[in-house]
Amino acid sequence: MSDVIVFDLFGVIARGQTPEAVRRIEETAGVGGASFWEAYWSCRPAYDAGRDSAAYWADVASLLGTAFPDVPALIEADLDSWTEADDEMVALVHELADDGRTLGLLSNIIDDLVPRFEARHGGWLGRFDALTYSCRIGVAKPDPRAYKICAERLGVDLSDVLFIDDTERNIVAARALGMRAELFESPAQVRALL
């Protein structure tokens with residue numbers, strides 16, 4: 001049984017973008033399809049590590065060879081697309097905290113989203129012993145420094161941690177550092193691991 005559990009946020013506790021949110025972003029951008037999303041994701045690591053929103057969207061536009069008609073509205077549509085949580089995972093966080101487990105969050109998250117997400121979900125985020133946000137530490141997973149900073153903030157060794165993430169490359173990086181790491185599938189899977 002693991003007493004120290006570190007969760008990824010998006011795709012594990014927080015939900016990914018809905019089809020409706022994706023459509024809203026595309027409509028606001030005036031661009032859609034595979035090339036838009038390739039540019040969106042290829043520019044995301046620097047954004048997750050602290051690049052500001054306007055610069056991020058300028059990078060995306062540059063890759064696409066376009067200009068977006070309303071960048072503030074695009075930023076707003078993107079931020080709104082990342083604010084929902086999975087109620088079953090939130091309940092599990094509460095249970096684990098009530099059981100006395102040490103909980104950490106290690107998230108690739110952009111700076112503008114942190115206050116919005118915390119305002120909406122502060123109750124359950126407050127159950128974590130450490131919140132490690134990529135935008136605040138200047139590095140994003142799978143950079144080894146992100147995992148090390150998270151463990152330091154929890155006051156534990158990397159080998160003490162069970163890490164749960166929905167991205168294979170982040171799991172591989174965690175395992176290379178000596179963490180026990182599992183690819184997230186469902187709340188039931190997490191319960192079975194614990």
List the atom of A174, the atom of A181, and the distance in Å for their closest heavy-atom pair.
-> CB-CB, 3.8 Å
Test item: E26 side-chain N/O and G33 main-chain N/O as donor-acceptor pair under 3.5 Å = yes
Could you tell me whether the side chain of S62 and the main chain of A58 form a donor-acceptor pair under 3.5 Å?
-> no
Partner of K141 under side chain to side chain donor-acceptor pair (under 3.5 Å), chosen from D8, D48, T132 | D8
Give a yes or no on whether the ring-centroid distance for F117 and W82 is below 6.0 angstrom.
-> no
Closest heavy-atom contact between S107 and L9?
-> OG-CB, 3.5 Å
Any link between V60 and W37 through a network of hydrophobic side chains (Ile, Leu, Val, Met, Phe, Trp, Tyr) touching at under 4.5 Å?
-> yes
Distance from L92 atom CG to D86 atom CG, nearest 0.5 Å?
-> 10.0 Å
Side-chain contact, heavy-atom cut-off 4.5 Å: D3 with T102?
-> no
Between M89 and I164, is any pair of side-chain heavy atoms under 4.5 Å apart?
-> no
Between CG on residue D111 and CZ on residue R136, distance to nearest 0.5 Å = 5.0 Å
In this structure, CG of L154 is separated from CG of L105 (nearest 0.5 Å) by 10.0 Å
Nearest heavy-atom contact between E182 and R180 is OE2-NE, 3.9 Å
Aromatic plane relationship, W57 with F36 - under 30° parallel, 30 to 60° tilted, over 60° perpendicular = parallel
L106 and V139: same hydrophobic cluster, using ILVMFWY side-chain contacts below 4.5 Å?
-> no
Mind checking whether M179 and I149 sit in one hydrophobic cluster, side chains of I, L, V, M, F, W, Y counted as touching below 4.5 Å?
-> no
Gap separating the CZ atom of R23 from the OG1 atom of T18, nearest 0.5 angstrom | 7.5 Å
Check: A54 main-chain N/O paired with D52 side-chain donor or acceptor under 3.5 Å = yes
Taking the six-membered ring for Trp, are Y47 and Y56 parallel (under 30°), tilted (30 to 60°) or perpendicular (over 60°)?
-> parallel
Determine the minimum heavy-atom distance between A21 and S81, stating which atoms define it.
-> CB-CB, 3.6 Å
With sequence neighbours left out, the residues meeting side-chain contact (heavy atoms from CB on, under 4.5 Å) with T83 are L113, R116, R120
From CA spacing to verdict: side-chain contact (heavy atoms from CB on, under 4.5 Å), H121, V90 | CA-CA 10 Å; H121 300 290; V90 168; 5.8 Å; no
Report yes or no: do V12 and V4 belong to one cluster of Ile/Leu/Val/Met/Phe/Trp/Tyr joined by side chain heavy-atom distances under 4.5 Å?
-> no
Are N170 and Y147 close enough that some pair of their side-chain heavy atoms sits under 4.5 Å apart?
-> yes
Nearest-0.5 Å distance that lies between atom CD in Q17 and atom CD1 in I25 | 4.5 Å
Between V93 and L103 the two heavy atoms that sit nearest each other are O-CD1, 3.7 Å
Would you mind reporting whether D98 and R127 have side-chain heavy atoms less than 4.5 Å apart?
-> yes
Is there a donor-acceptor pair closer than 3.5 Å between any side-chain N or O of D143 and the backbone N or O of R145?
-> yes
Test L74 against D70 for side-chain contact (heavy atoms from CB on, under 4.5 Å), laying out the working first.
-> CA-CA 6 Å; L74 189 52; D70 188 346; over 6 Å; no
Can you get from V22 to V31 by hopping between Ile, Leu, Val, Met, Phe, Trp and Tyr side chains that sit under 4.5 Å apart?
-> yes
Who are the side-chain contact (heavy atoms from CB on, under 4.5 Å) partners of R51, not counting sequence neighbours?
-> A46, A55, D59
Is any side-chain heavy atom of L194 less than 4.5 Å from a side-chain heavy atom of L162?
-> yes
Non-hydrogen side-chain atoms of C135 and I110 separated by less than 4.5 Å = no
Would you confirm whether S134, through its side chain, and I109, through its main-chain N or O, come within 3.5 Å as a donor-acceptor pair?
-> yes
Could you state the interatomic distance from CG (D78) to OG1 (T28), rounded to the nearest 0.5 Å?
-> 10.0 Å
Going through the distances and angles, do F7 and F184 end up as a side-chain contact (heavy atoms from CB on, under 4.5 Å)?
-> CA-CA 9 Å; F7 290 99; F184 178 77; over 6 Å; no
Return the minimal non-hydrogen interatomic distance between W124 and F128, and the atom names on each side.
-> O-CD1, 3.7 Å
